[in-house]
Amino acid sequence: SKEIFSWDEYLKETGAVPAPPSCFRQSRIPPSNDFKMGMKLEAHDPRNFTSVCIATVMGITGTRLRLRLDGSDNTNDFWRLVDSSDIQPIGTCEKNGDMLQPPLGFRMNASSWPMFLLRTLSGAEMAPATAFKKEPLKPPQNGFKPGMKLEAVDRKNPYLICPATIGEVKGDEIFVMFDGWRGAFDYWCKYDSRDIFPVGWCSSTKHSLQPPGNSVTLPKSLPASVSSPTKPTRRSMQSPHKLPPLPPLPVRKGVRGRRPKSETL
Ligand code: MLY
């Protein structure tokens, strides 16, 4: 029976602890999302960070916005929190004596940018200043420890937030491991990244939370009896972090190509 994902049960099953909320650069009380579809704002171009561009709200999910730069195509949407310092009300750029820039990959001739800008802004619904929330401060230090659980943006599929585990901590950086995905989506980031959230964030902000994947990287040389798919039952609920270390490779003359690859269970 397909059950819905529950952190409570999952934490019990894995015997893992959530990273304390104080570790994250996120408000203790998540901000409200007061944006509406179609509203326009200013945003730093993710592909050219010194440029400030016009963006349109294409989607609203929890405390996040799906944004598209005006004049860009529909394949470069990006997501920002309502309290991100990457976004600001229309007029901010000009007030600071700067100029709004066409996005990287502007789909028209550069000479048509001034007119495009006028047209895209005329009659547009601008997001009110009150919708932009102040970015929380960085926690004073990296408080994460290996094995702690969290919710993290899948940077390859940034609309997704998924259960994850701290794999390593090195200075100001942490290694975020996606539970059940065999390392394919893991990444290093700063401890104060805006892409990571305490356990329960999605639930309290009404953002969907992906269930963990059902793959576990099995030690490469486990005997067939152990790695057989008939045996394990609760593998999918096991924290990759708690798997036993790799046993030494068996050296067997004449029996080659028998070493099973890491298997998806
Ligand atoms: N269809 C994609 C989705 C993978 C999502 C992984 N995240 C949740 C860690 C794939 O299978 O590659």
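One-based numbering, in listed order, for ligands and for the atoms of each. All values derive from a computational prediction rather than experimental measurement.
With 3.5 Å as the limit, one finds no donor-acceptor pair spanning the side chains of Lys134 and Ser27. With hydrogens and angles left out, the side-chain atoms of Ser6 and Asp8 include no donor and acceptor closer than 3.5 Å. At a cut-off of 3.5 Å, with distance as the only test, a side-chain donor of Tyr10 or Asp179 sits close to an acceptor on the other residue.
The nearest protein atom to atom 5 (C) of ligand 1, hydrogens excluded, is given as Asp154 OD2, 3.5 Å; this is a heavy-atom distance. Of all protein heavy atoms, the one lying nearest to atom 11 (O) of ligand 1 is Trp181 CZ3, 4.0 Å. At the top of the distance list for atom 4 (C) of ligand 1, counting protein heavy atoms only, stands Phe185 CZ, 3.5 Å.
Among pairs with a residue in residues 53-76, none fulfils ring-ring contact (aromatic ring centres under 6.0 Å, His included), at least two apart in sequence or across chains.
For atom 2 (C) of ligand 1, the protein comes within 4.0 Å by no heavy atom at all. In this structure, atom 7 (N) of ligand 1 is in close contact with the protein, since a protein heavy atom lies within 4.0 Å of it.
Inclusion of Asn157 in the set of residues having an N or O under 3.5 Å from an N or O of ligand 1 is not warranted.
Trp201 contributes no side-chain N or O that, together with a main-chain N or O of Leu150, makes up a donor-acceptor pair within less than 3.5 Å.
Here is the list of ligand 1 atoms found below 4.0 Å of a heavy atom in Cys162: 8 (C).
With sequence neighbours excluded, no residue forms a salt bridge (Lys or Arg N to Asp or Glu O under 4.0 Å) with Arg47.
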